[in-house]
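One structure below.
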Amino acid sequence: NTAVRQVQNPEGKNEEQDRYPLKHQIDYTAHEWKYRPDLSSEEGGAFARAWYVYVERSRAIDDQWIEAANDQLEILLTVAGLFGTVSSALVGQINDSKNPWYDQFLSYMAWSMWELHRTGSNHILTRSPDDDLWTPSSHLRWMYRCAQISQFLNASVTFLALLAKQWINEYSARTRAPAPNPRFWAYRRYDLNAELTYWKMTYLIESLPVLMQGSIILYLIAL
């Protein structure tokens with residue numbers, strides 16, 4: 001490479017001319033126009049042009065992904081918060097309906113005592129209260145299970161969305177932290193991105209809307 005440059009520039013006028021690649025300027029890429037080509041002795045250094053290009057491309061990709069993920073997580077947290085309030089009210093209402101009807105049972109016992117005192121017979125006390133006063137119907141139990149599962153899925157979506165948002169904010173803060181040179185930044189970004197890939201962060205965020213939809217479907221079934 002050095003011998004070719006000496007043929008192209010036998011006088012070796014200055015170092016700046018030696019930096020430009022051996023091709024016509026019309027064939028330059030955008031990065032070749034933006035960043036100076038490296039000297040042959042600097043192509044693998046900490047400030048080589050390849051690292052600057054990597055930093056620029058990586059930041060563009062990260063900014064787009066972080067913005068999209070944050071928007072999706074914010075929508076999920078808003079929906080989960082509103083839906084959690086509604087589903088909690090339904091679970092409380094079904095739970096109250098599932099409990100024994102003590103007022104009716106006390107009324108039945110008072111009436112039985114009065115009949116015993118009036119007639120002197122104990123055949124009324126031998127009758128058991130209606131089973132519906134103590135045992136909820138199968139339909140009510142099915143509604144309660146659906147509502148409970150719906151509330152569990154909603155709480156899971158909220159927890160995972162908060163966890164994912166915290167990870168994304170930490171990733172964004174570390175990748176935007178200053179670095180001594182672009183090569184160090186590239187290595188640091190690679191390690192952080194590898195951790196997100198290992199924990200399947202993208203798949204986790206994409207699965208949250210499915211869980212939220214399942215929670216809403218179970219809530220509608222419980223209604």
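These numbers come from the heavy atoms of this one structure, side chains and all, not from hydrogens, waters or symmetry mates.
When the side-chain contact (heavy atoms from CB on, under 4.5 Å) test is applied to Ile75, the partners found at least two apart in sequence or on another chain are Val79. Under the side chain to side chain donor-acceptor pair (under 3.5 Å) criterion, Gln72 pairs with no residue at all, not counting sequence neighbours. Listed by chain and number, the residues in a salt bridge (Lys or Arg N to Asp or Glu O under 4.0 Å) with Glu195 amount to none (sequence neighbours excluded). Residues passing the side-chain contact (heavy atoms from CB on, under 4.5 Å) test with Leu220, sequence neighbours excluded: Ile216, Leu223. Take Ala155 and apply the side-chain contact (heavy atoms from CB on, under 4.5 Å) test, not counting sequence neighbours, and it matches no residue. Here Ala46 pairs with Asn181, Arg183 under the side-chain contact (heavy atoms from CB on, under 4.5 Å) rule; sequence neighbours left out.
Counting only residues at least two apart or on different chains, the side chain to side chain donor-acceptor pair (under 3.5 Å) pairs with a member in residues 198-223 are Ser150-Ser215. Pairs engaging residues 50-69 under the side chain to side chain donor-acceptor pair (under 3.5 Å) rule: Lys34-Glu56, Tyr35-Glu56, Tyr54-Arg189, Asp62-Tyr171, Asp62-Arg189, Asp63-Arg176 [sequence neighbours left out]. Screening residues 72-88 for salt bridge (charged side-chain N to carboxylate O under 4.0 Å, His left out), with sequence neighbours left out, gives Glu74-Lys165.
Minimum heavy-atom separation, Ala164 to Ile205: CB-CG1, 4.2 Å.
Asn70 is listed as a side-chain neighbour of Asn169, based on a closest heavy-atom distance under 4.5 Å.
Alongside Leu162, the hydrophobic cluster contains Leu77 (criterion: ILVMFWY side chains under 4.5 Å).
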